[in-house]
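Reminder, nothing fancy here: chain letters follow the sequence lines and each chain counts from 1.
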Protein chains: 4
Amino acid sequence: MTDHRAARTDNRTHTIMQATLDLAREAGYAKLSIEAVASRAGVGKHTVYRRWPSRGLLFLDAVLSLNTAGLDHPDTGDIVADLREVMTRAAALLGQPPWGPLYQDLIGEAQHDPEVAAALNRRFIEPQTANTLARLEAAKDQGQLAPDFDLDLAFEILSGPLYYRLLITQQPLTHAYIDRVLQAVFAGMSPRPQTR
Amino acid sequence: MTDHRAARTDNRTHTIMQATLDLAREAGYAKLSIEAVASRAGVGKHTVYRRWPSRGLLFLDAVLSLNTAGLDHPDTGDIVADLREVMTRAAALLGQPPWGPLYQDLIGEAQHDPEVAAALNRRFIEPQTANTLARLEAAKDQGQLAPDFDLDLAFEILSGPLYYRLLITQQPLTHAYIDRVLQAVFAGMSPRPQTR
Amino acid sequence: MTDHRAARTDNRTHTIMQATLDLAREAGYAKLSIEAVASRAGVGKHTVYRRWPSRGLLFLDAVLSLNTAGLDHPDTGDIVADLREVMTRAAALLGQPPWGPLYQDLIGEAQHDPEVAAALNRRFIEPQTANTLARLEAAKDQGQLAPDFDLDLAFEILSGPLYYRLLITQQPLTHAYIDRVLQAVFAGMSPRPQTR
Amino acid sequence: MTDHRAARTDNRTHTIMQATLDLAREAGYAKLSIEAVASRAGVGKHTVYRRWPSRGLLFLDAVLSLNTAGLDHPDTGDIVADLREVMTRAAALLGQPPWGPLYQDLIGEAQHDPEVAAALNRRFIEPQTANTLARLEAAKDQGQLAPDFDLDLAFEILSGPLYYRLLITQQPLTHAYIDRVLQAVFAGMSPRPQTR
DNA sequence: CTCTAACCGAGACGGTACGTCAAGTCTTCTA
DNA sequence: TAGAAGACTTGACGTACCGTCTCGGTTAGAG
């Protein structure tokens, strides 16, 4: 039956992705070779190549398979609290070991493999962006955001600093840092007119 | 004399960096091998290894050698205009061919080579950050910024979205985008009290 | 019915052998793979393996299937003319394209596959040897050969030089060459007493 | 000094050829892979490929390197005895283990690799042929051979049957067989006129 | 002006991994 | 139930670079 074959196939697929993650955690993505993955998974190289055309896409699949928890937005009615919650969860997931380095390497790979970049956007970034945008629109309707704020930018302005820390300065993504970003972004840089 | 030797040495160094850039532009960093660099530069592999311990650091040196123009901040008195100016220059330099892809690859390499990451920060990011911070402090003194704004974050909040576009969504960094970022960051997301 | 099944089976067998010959002629035996044969024949690999245990034996079957013309000895009463006739036919069949190279490859394969060697002898060499021996014995009875000649060797002495040319020096087997061999072998190397 | 480099190079060359022979004797030429040779010799694959363009030519070099003894013709004044001597030596060298199977495989390889065939002829067959021809011409001058015998064929007529046995029927090359060949070839197949 | 030490190009070397091919075995579905 | 289809492990192919290493040939400064 198709089920049996599919099950067998899925088994190999899963085994290979697991071996990929294991090796990536042990030695880093730079040392990850398809040869080693196949050997660790007890599988022929061809069986890997049959499923993934490149090391990068294999790694992408493996890393994204971890995101089972999801990063869906809560809606408690308080937009700042909700953003803080999801940013904290994202930081906890992507910004620290063991997944942080893997995610860093994944983005690194995307810099010279357009297929990885495209797949990463399509499968991870865009859904997350859409999710956030929906929550922000609800908040705007409730008057919790400036009515003229450029919402399409919001995700990038909130995420940008986190990615900057993750990828450029490679400093830790602490709760305090998230709070500071939220406060600064909500307040804006302009001097306020005297509210009194 | 020492001068002659140094001159000769510098010549080789420069030749190698030039070959590195040429090859990187022709085939991309992924295809850049020390073997090819040495061959292109007409130099023994040893002569490359004597100067750089890794492909990444060679590439870093080569890419940073291009930043001769500098990204110093102007001070026209208008902080928004000045920021727009420097962001535009940065986008023009780093966000489009031929240097954009190289810079992307450089950051990609930094994701799995801590030495590259450290050197990139020390030699490029930190000076630029300090530069911007100085200009922002002057602006705050002049009342052009909210007096309580978290200035240490400012660079990250302004740069973050640009890097996000460069590295994640890999969309172009247009003037319009820079304007939108500036406007959004200055305005902040909070609803304003009626300014009447 | 069994007949139908047998017919179908024979069809496959023939199809596979034909595909084998086609591929061998196109690309040479060295490039002949069971994978390619099966694919060319539109047949599963199993269907090939079910019939032949090795590439060599498949190739043997395929090549020998061409020998339909046969190399039976004529008997015109003139032993030299008859030998020349059969040697010429053999040279025409095995010593030139398209079958020459295939026959060479077949003997090449026999050098490291004892099963091929044994089957080649049993199915091709031995019958031909017996055939020649019978004709030679008739000639001896008729006084056309030296009565003490070592007839068991005759086939090897006549064929040996042809095979030597085919396999070692790889020069063409011309009519002239066959004539020279016949003349030399019949005359012998010893100096003759004056026939006066 | 050049000597040192050459010595080092020769060492590797020799080591590789030795490993080739060892493996060929252990498992046969069919199982001989460059990968295995390199590994056995404790050498990188490239070091093998740098010296030999193909498995066949490596094997040829390795096998021919054994022919140190040489097969030069003696000249005792008795041409039959001398031919018997050299044929016996050749049979002892090439017709029995351990070199016999290797020589068989070498000729097998020559059947589908023209470069091997050419090199085998140039480096082994032709010198041996010339050697024999010279000895035969001396014998003819001394009246030990028929003055009109086709000497250019002689080597082929004498060697042919031996090669036929080695390659086709794969029967052993005994002293008795050599004697029978010599006797038959010297006598010729024609009936002799009554010498009385 | 020679001597000498550093540097240089060239490239051999043992390795590791690449991505491909075919081997022979095995399983699944179809006719 | 035999057969096509093809997945599977294995192992070898020939290539590309890795980083280390020798080699002989400059070259420039010290003696």
Side-chain angles (χ1 to χ4, degrees), chain A residues 1-9 11-13 31-39 41-55, chain B residues 1-9 11-12 15 31-39 41-55, chain C residues 4-5 8-9 11-12 15-16 31-39 41-55, chain D residues 1-6 8-9 11-13 15 31-39 41-55:
Chain A
M1 245 132 286
T2 305
D3 294 316
H4 295 176
R5 174 168 296 178
R8 210 158 43 101
T9 288
N11 275 344
R12 312 262 188 202
T13 301
K31 297 264 170 85
L32 189 76
S33 70
I34 288 189
E35 197 117 10
V37 167
S39 161
V43 136
K45 280 201 285 180
H46 220 51
T47 305
V48 179
Y49 281 111
R50 196 177 293 124
R51 287 166 169 75
W52 291 276
S54 69
R55 189 177 73 132
Chain B
M1 236 137 287
T2 306
D3 293 313
H4 295 175
R5 174 164 299 173
R8 209 156 46 102
T9 289
N11 274 346
R12 309 240 195 232
T15 301
K31 296 265 171 84
L32 190 75
S33 67
I34 289 192
E35 199 116 7
V37 167
S39 161
V43 135
K45 284 203 285 179
H46 235 49
T47 306
V48 179
Y49 280 112
R50 198 175 292 124
R51 286 166 170 74
W52 291 277
S54 72
R55 188 177 73 133
Chain C
H4 295 174
R5 173 164 302 169
R8 205 154 49 99
T9 288
N11 274 345
R12 308 240 196 236
T15 302
I16 293 167
K31 296 264 171 83
L32 189 76
S33 68
I34 289 190
E35 198 115 8
V37 167
S39 160
V43 134
K45 284 202 286 179
H46 236 49
T47 307
V48 179
Y49 281 112
R50 196 174 295 122
R51 287 167 169 75
W52 292 276
S54 70
R55 187 177 74 133
Chain D
M1 252 132 274
T2 304
D3 293 317
H4 295 176
R5 173 169 295 179
R8 215 159 39 104
T9 289
N11 275 345
R12 314 262 188 198
T13 301
T15 301
K31 297 264 170 88
L32 189 75
S33 70
I34 289 190
E35 197 117 10
V37 168
S39 161
V43 136
K45 280 203 284 181
H46 217 53
T47 304
V48 179
Y49 280 112
R50 196 177 292 126
R51 288 168 168 73
W52 292 277
S54 70
R55 188 177 73 131

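- Here F:dA12 presents its P atom at 12 Å from CD1 of D:Ile34, a figure rounded to the nearest Å.
- Between the P atom of F:dC18 and the CZ atom of B:Arg55 lies a distance of 7 Å, rounded to the nearest Å.
- In this structure, D:Tyr49 places its OH atom 13 Å from C1' of F:dA16, rounding to the nearest Å.
- A:Val43 is listed as a side-chain neighbour of A:Val48, based on a closest heavy-atom distance under 4.5 Å.
- One finds a side-chain N or O of D:Thr47 lying less than 4.0 angstrom from the OP1 or OP2 phosphate oxygen of E:dG14.
- Considering only side-chain N and O atoms, B:Arg51 lies under 4.0 angstrom from the phosphate OP1 or OP2 of E:dC8.
- Rounding to whole angstrom units, NE2 of residue A:His46 and P of F:dG6 are separated by 13 Å.
- For the atom pair CZ of D:Arg50 and OG1 of D:Thr13, the computed distance is 10.5 Å after rounding to the nearest 0.5 Å.
- Sequence order on DNA chain E of the closest nucleotides to B:Val43 and C:Ala36 puts B:Val43 first from the 5' end.
- A heavy-atom distance below 4.5 Å is not found between the side chains of B:Ile34 and B:Trp52.
- Contact of A:Lys45 with E:dG19 (side chain to base): a donor-acceptor pair of N or O atoms is detected under 3.5 Å.
- Distance C:Lys31 NZ to E:dA22 P: 10 Å, rounded to the nearest Å.
- Remark: C1' of E:dT20 and CD of D:Glu35 are 13 Å apart, rounded to the nearest angstrom.
- Side-chain atoms of C:Arg55 and C:Ser33 form no donor-acceptor pair, as typed in the model, at a separation below 3.5 Å.
- OP1 or OP2 of E:dG9 sits under 4.0 Å from a side-chain N or O of B:Arg12.
- With rounding to whole Å, A:Asn11 atom CG is found 16 Å from F:dT9 atom C1'.
- The phosphate of F:dG6 (OP1 or OP2) has no side-chain N or O of A:Arg50 nearer than 4.0 angstrom.
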